[in-house]
**Q** 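The following block contains the structure, expressed as structure tokens.
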There are 2 protein chains.
Amino acid sequence: MTVARPRPCSIANSLAVIGERWSLLALREVFFGVRRFDRIAANTGASRDILTTRLKKLVENGVLAKELYQAHPPRYEYTLTEAGLALHPVLLALKEWGDHYVTEGEAPTVFRHDCGAVLHPRTVCDACSRPVPPDSARAVRIGGVPQRSAADSPGAPSPTDT
Amino acid sequence: MTVARPRPCSIANSLAVIGERWSLLALREVFFGVRRFDRIAANTGASRDILTTRLKKLVENGVLAKELYQAHPPRYEYTLTEAGLALHPVLLALKEWGDHYVTEGEAPTVFRHDCGAVLHPRTVCDACSRPVPPDSARAVRIGGVPQRSAADSPGAPSPTDT
DNA sequence: ACCAGTGGGTTGGAAAAAAAGACCCATGAG
DNA sequence: CTCATGGGTCTTTTTTTCCAACCCACTGGT
């Protein structure tokens, strides 16, 4: 009898690093170019002590780096590491979804892409550059468990009980 | 003197709906085809009471729908609404980031795209279909505040103090 | 009829996390 | 000297979360 342990999963792993309250909002600020504690606190609304522990965690996990910009009263700026920059798609996806399904009225934040158009991100397959609707992705393996590739009836694509 | 109120932001709005612990993992399960309470609880590791309130909230916010599949002992399945399906890019982005920067070893979950290749999502501009690196997006407006369109060097794109 | 099992919760108490706000320290400006 | 700024820390109170147990309405087996 298998004990029900949670599914191994990169989404869960990601959330363990950036999934706590305020973490993503702090990262949003750094993406916006706001790199100092006070401003991040003010713009997110996070309380200072929580923000301190979140930033520390993000630094420990290599998402942010702390850079000294003034010695003596040592003062730091938080900057994005490579891993931090790689979160851009996550934030864009969340913003797009929020604009569409949560925020009422105009989107509070708007970007213009290099190409000149207002930015709306779209997710495509890296190999073929075509869109990836939910049903265009077949599971090869879920949570470490190989999926039968056979014709699973639509609507019940291999529930993966484990 | 402006009182520091948190920035209006669709990312924050999104997180208010799906940002609590377990919410995204529950949604992941529904995307995987796991639609019933017990299985979702087992596969995520969430405790039942928390899962109850999370699912209720997701239903209230129109991300999931509850469908009766058996009367009498009334039993429900949770299915994705249009808004729920639209979260696919968010989950893909989180999975991709986790695979890359958090999970050690092989990715626990792998999808194959319709095109035949193993799925790696990429985010592109909907208008020009080109990639969207962090510095290719210029702020038109952030948190409701218009940005000066002048040449802000990347990395310091108008700190938006509000 | 009796019993175990399944599905979807609810309840109560203990433990952990977050919020709010005061406090601290070093430096620089007026 | 005093105030303001930046980056925290400390304490107290309020919220959440976790955990395990319990409940109810069946269903299927014997």
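Per chain, numbering begins at 1; letters A, B, ... match sequence-line order.
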**Q** Find every protein N or O atom lying less than 3.5 Å from an N or O atom of nucleotides 11-17 of chain C, and list the pairs.
**A**
unit_1: C/dG12; atom_1: O6; unit_2: B/Asp49; atom_2: OD2; d: 3.4

**Q** In Å, rounded to the nearest 0.5 Å, how long is the span from OG1 of B/Thr79 to CD of B/Glu67?
**A**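 Answer rounded to 0.5 Å: 4.0 Å.
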
**Q** Of all residues at least two apart in sequence or in a different chain, which pass the salt bridge (charged side-chain N to carboxylate O under 4.0 Å, His left out) check with B/Arg112?
**A**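 Not a single residue meets the salt bridge (charged side-chain N to carboxylate O under 4.0 Å, His left out) criterion with B/Arg112.
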
**Q** Tell me if a side-chain donor or acceptor on B/Thr81 pairs with a main-chain N or O of B/Gly84 at a distance below 3.5 Å.
**A**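 Yes; judged by distance alone, with no hydrogens or angles, the pair exists.
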
**Q** Just the table, please: protein N/O against nucleotides 6-8 of chain C N/O, every pair under 3.5 Å.
**A**
unit_1: C/dG7; atom_1: O3'; unit_2: B/Tyr69; atom_2: OH; d: 3.3
unit_1: C/dG7; atom_1: N2; unit_2: B/Arg75; atom_2: NH2; d: 2.5
unit_1: C/dG7; atom_1: N3; unit_2: B/Arg75; atom_2: NH2; d: 2.6
unit_1: C/dG8; atom_1: OP1; unit_2: B/Tyr69; atom_2: OH; d: 3.3
unit_1: C/dG8; atom_1: OP1; unit_2: B/Tyr76; atom_2: O; d: 3.0
unit_1: C/dG8; atom_1: OP2; unit_2: B/Phe37; atom_2: N; d: 3.2
unit_1: C/dG8; atom_1: N7; unit_2: B/Arg48; atom_2: NH2; d: 2.5

**Q** I'd like the 5' and 3' limits of the part of DNA chain D contacted by chain A, with heavy-atom contacts below 4.0 Å.
**A**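 The contact span of chain A on DNA chain D goes from D/dG6 to D/dT11.
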
**Q** Mind listing the side-chain donor-acceptor pairs of residues 123-136 of chain A below 3.5 Å, one per line with the distance, residues two or more places apart or on another chain?
**A**
unit_1: A/Asp126; atom_1: OD1; unit_2: B/Arg122; atom_2: NE; d: 2.7
unit_1: A/Ser129; atom_1: OG; unit_2: B/Arg122; atom_2: NH2; d: 2.9
unit_1: A/Ser136; atom_1: OG; unit_2: A/Pro133; atom_2: O; d: 2.8

**Q** Are the charged groups of A/Glu106 and B/Arg141 less than 4.0 angstrom apart, N to O?
**A**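 Salt bridge: yes.
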
**Q** Where do A/Val34 and A/Val30 land on the side chain to side chain contact (heavy atoms under 4.5 Å, CB included) test, with the steps shown first?
**A** CA-CA 5 Å; A/Val34 177; A/Val30 182; over 6 Å; no

**Q** Do B/Arg35 and B/Tyr76 pair up side chain to side chain, a donor and an acceptor below 3.5 Å, judged on atom types alone?
**A**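 No donor-acceptor contact under 3.5 Å links the two side chains.
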
**Q** Between B/Thr52 and A/Thr53, which residue's closest nucleotide on DNA chain C lies nearer the 5′ terminus?
**A**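 Looking at the nearest nucleotide for each, B/Thr52 comes out on the 5' side.
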
**Q** Output yes when a side-chain donor or acceptor of B/Gln70 lies under 3.5 Å from a complementary backbone atom of B/Leu68, and no otherwise.
**A**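 Between the backbone of B/Leu68 and the side chain of B/Gln70 there is no qualifying donor-acceptor contact (under 3.5 Å).
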
**Q** Report yes or no: is the cationic atom of A/Arg39 (NZ for Lys, CZ for Arg) under 6.0 Å from the centre of the six-membered ring of A/Phe32, at an angle within 45° of the ring normal?
**A**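 Pair A/Arg39/A/Phe32 does not count as cation-pi.
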
**Q** Is the backbone of A/Ala46 close enough, under 3.5 Å, to the side chain of A/Thr44 for a donor and an acceptor to pair up by distance?
**A**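 Between the backbone of A/Ala46 and the side chain of A/Thr44 there is a qualifying donor-acceptor contact (under 3.5 Å).
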
**Q** Roughly how far, to the nearest 0.5 Å, is the CD atom of A/Glu29 from the OH atom of A/Tyr78?
**A**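 If I round to the nearest 0.5 Å, the distance is 14.0 Å.
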
**Q** Do the side chain of B/Arg28 and the main chain of A/Ile11 share a donor and acceptor less than 3.5 angstrom apart?
**A**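 Looks like no, no N/O pair under 3.5 Å.
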
**Q** Per the end-axis method with five pairs at each terminus, what is the bend angle of the helix from C/dA1-D/dT30 to C/dG30-D/dC1, to 10°?
**A**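 Axis-to-axis angle, ends of the helix: 10°.
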
